[in-house]
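Okay, so here's the structure we're looking at.
Just so we're on the same page: letters track the sequence lines, and every chain starts at 1. Just the heavy atoms: all of them, side chains too, but no hydrogens, waters or symmetry mates, feed the values below.
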Number of protein chains: 2
Amino acid sequence: MPRTRHARLDCSPGCAVEATLQFIDGKWKGVILFHLFERTMRFSELRRRLASVTQRMLTAQLRELERDGLVARTIHPEIPPRVEYSLTERGRTLHPVIMVLKDWGDMHALPAPAPSAAA
Amino acid sequence: MPRTRHARLDCSPGCAVEATLQFIDGKWKGVILFHLFERTMRFSELRRRLASVTQRMLTAQLRELERDGLVARTIHPEIPPRVEYSLTERGRTLHPVIMVLKDWGDMHALPAPAPSAAA
DNA sequence: CCGTATCCATTTAGATACTG
DNA sequence: CAGTATCTAAATGGATACGG
């Protein structure tokens, strides 16, 4: 969620909508969360899944998710270092949110499945 | 949705999540849509509901929503001018999305209702 | 392997003034 | 009333180099 970090909005109804967006917005957070719902992953795995993300951005987004209590970071003190990211309890509560976003995207945002026969 | 306008992402699964966010992100779009679900509103009404939005931003966000086919703009040729904004069919399909966002926000994002007695 | 630090281009958004 | 124009501040995000 770019813009100012969780700026307190003048909370009229509808504010909760923005409040939620603050957490999942931010160019990569949605996808990161989506992948972490599948399973815990290490940094390099996420990086591969996101493909075009830079190290800097991935780190930054993960840090924000961590700071918002949505993602947990586990450091395994090995050589070479291994760091794993998983969803917290709070993070898991976002499951319905992410899924609704994905469903709408599949149905309305992406071009069109271009079916071979029926339409 | 700030960042680059609907940049085509490398669509792996999870892309649909971002794709949806592209439409409802953007500091005010979520709330604008939320209010338009209630009813059609004119520019000044929306402005009052958003309170801290500037004219420039409200216009910009509405233009993007219009361009994405989510909101319809109706100009009533009167003096003084009256312009009304309403949801399109496509816009209405976002209802479950916005509601899930609102519900999560109410439950997890906002401080805490601070009840007088029970907790 | 998993980051952080720095530099820089782009984008976003606020304030303000003006128009039909 | 409902915008548009301009100017500027701030934030985002990409590239690159370096560190534990």
Side-chain angles (χ1 to χ4, degrees), chain A residues 1-10 18 21-32 35-36 40-68 71-86, chain B residues 1-10 18 21-32 35-36 40-68 71-86:
Chain A
M1 71 93 198
R3 56 253 206 173
T4 328
R5 283 295 304 170
H6 297 190
R8 225 42 297 168
L9 307 164
D10 49 281
E18 282 302 309
L21 284 173
Q22 313 272 87
F23 288 98
I24 60 182
D25 185 6
K27 189 146 192 172
W28 300 103
K29 289 190 188 176
V31 205
I32 292 173
H35 286 298
L36 290 183
T40 293
M41 286 188 194
R42 37 193 307 192
F43 189 82
S44 48
E45 287 181 293
L46 280 170
R47 209 183 162 186
R48 263 190 299 279
R49 303 242 177 168
L50 269 49
S52 60
V53 75
T54 60
Q55 233 174 16
R56 178 170 125 55
M57 282 311 299
L58 182 52
T59 303
Q61 300 281 288
L62 284 168
R63 286 294 178 287
E64 288 192 13
L65 289 169
E66 193 187 353
R67 154 165 136 179
D68 289 339
V71 161
R73 181 162 169 257
T74 311
I75 307 175
H76 299 269
E78 311 170 355
I79 304 290
R82 189 169 100 244
V83 180
E84 291 188 320
Y85 293 90
S86 57
Chain B
M1 87 55 237
R3 58 253 207 169
T4 327
R5 282 296 303 172
H6 297 193
R8 224 45 295 167
L9 307 164
D10 48 280
E18 282 302 310
L21 284 173
Q22 314 273 89
F23 289 97
I24 60 181
D25 185 7
K27 189 147 193 171
W28 301 103
K29 290 191 189 175
V31 205
I32 292 173
H35 287 297
L36 290 183
T40 292
M41 287 190 194
R42 40 194 305 192
F43 189 83
S44 49
E45 286 180 294
L46 279 171
R47 208 182 163 189
R48 264 190 297 279
R49 302 242 178 168
L50 270 48
S52 60
V53 75
T54 60
Q55 233 173 16
R56 180 169 126 52
M57 281 310 300
L58 182 53
T59 303
Q61 300 282 286
L62 284 168
R63 286 293 179 287
E64 289 193 13
L65 288 169
E66 193 187 354
R67 157 165 134 177
D68 289 338
V71 161
R73 181 161 169 261
T74 311
I75 307 175
H76 300 269
E78 312 170 353
I79 304 290
R82 188 169 102 244
V83 179
E84 291 188 320
Y85 293 90
S86 58

Seminar exercise, completed: To the nearest 10 degrees, the angle between the two end axes of the helix from C:dC1-D:dG20 to C:dG20-D:dC1 (five pairs per end) comes to 50°
For this session: Report the distance from atom CD of A:Gln61 to atom C1' of D:dT12, rounded to the nearest whole Å.
Result: 10 Å
For this session: Would you mind reading off the distance between A:Arg47 atom CZ and C:dG3 atom C1', rounded to a whole angstrom?
Result: 10 Å
Problem set entry | Atom-pair distance (CG on A:Leu62; P on D:dG13), nearest Å | 14 Å
Exercise. Can you check the B:Leu58 CG to C:dA13 C1' distance for me, whole Å?
Worked result: 13 Å
Exercise. Looking at side-chain heavy atoms only, is the closest gap between B:Leu65 and B:Arg73 below 4.5 Å?
Worked result: no
Exercise. To the nearest 0.5 Å, how far apart are CZ in A:Arg42 and OG1 in A:Thr74?
Worked result: 12.5 Å
Exercise. Can you tell me how far C1' of D:dG13 sits from CZ of A:Arg63, to the nearest Å?
Worked result: 17 Å
For this session: Using whole Å, report how far NZ of B:Lys29 lies from P of C:dT12.
Result: 10 Å
For this session: Starting at CG of A:Leu50, measure out to CD of B:Glu18 and round the result to the nearest 0.5 Å.
Result: 8.5 Å
Exercise. What's the spacing between B:His35 NE2 and B:Arg48 CZ if we round to 0.5 Å?
Worked result: 12.0 Å
Exercise. Over how many whole Å does the gap from A:Arg73 atom CZ to C:dC1 atom P extend?
Worked result: 16 Å
Exercise. Whole-Å distance between C:dC1 C1' and A:Arg42 CZ?
Worked result: 7 Å
Exercise. Can you tell if the side chain of A:Gln55 reaches within under 4.5 Å of the side chain of A:Phe43, non-hydrogen atoms only?
Worked result: yes
For this session: I would like to know whether B:Leu36 and B:Tyr85 meet side chain to side chain contact (heavy atoms under 4.5 Å, CB included); could you show each step before the answer?
Result: CA-CA 8 Å; B:Leu36 290 183; B:Tyr85 293 90; 4.3 Å; yes
Seminar exercise, completed: Taking D:dA2, D:dC1, C:dC1 as options, the one with an atom nearest any side-chain atom of B:Pro80 is D:dC1
Exercise. Can a side chain N or O of A:Tyr85 be found less than 4.0 Å away from OP1 or OP2 on C:dG3?
Worked result: yes
Problem set entry | Euclidean distance, B:Gln61 CD relative to B:Lys27 NZ, rounded to 0.5 Å | 9.5 Å
For this session: Report, as a single string ordered 5' to 3', how protein heavy atoms within less than 4.0 Å touch nucleotides 14-20 of chain C: B base, S sugar-phosphate only, - not at all.
Result: BB----B
Problem set entry | A:Val83 side chain near A:His76 side chain, heavy-atom distance below 4.5 Å | no
For this session: Answer yes or no: is there a side-chain heavy-atom contact under 4.5 Å between B:Leu46 and B:Leu62?
Result: yes
Exercise. Is there a side-chain polar atom (N or O) of B:Ser44 under 4.0 Å from OP1 or OP2 of D:dA2?
Worked result: yes
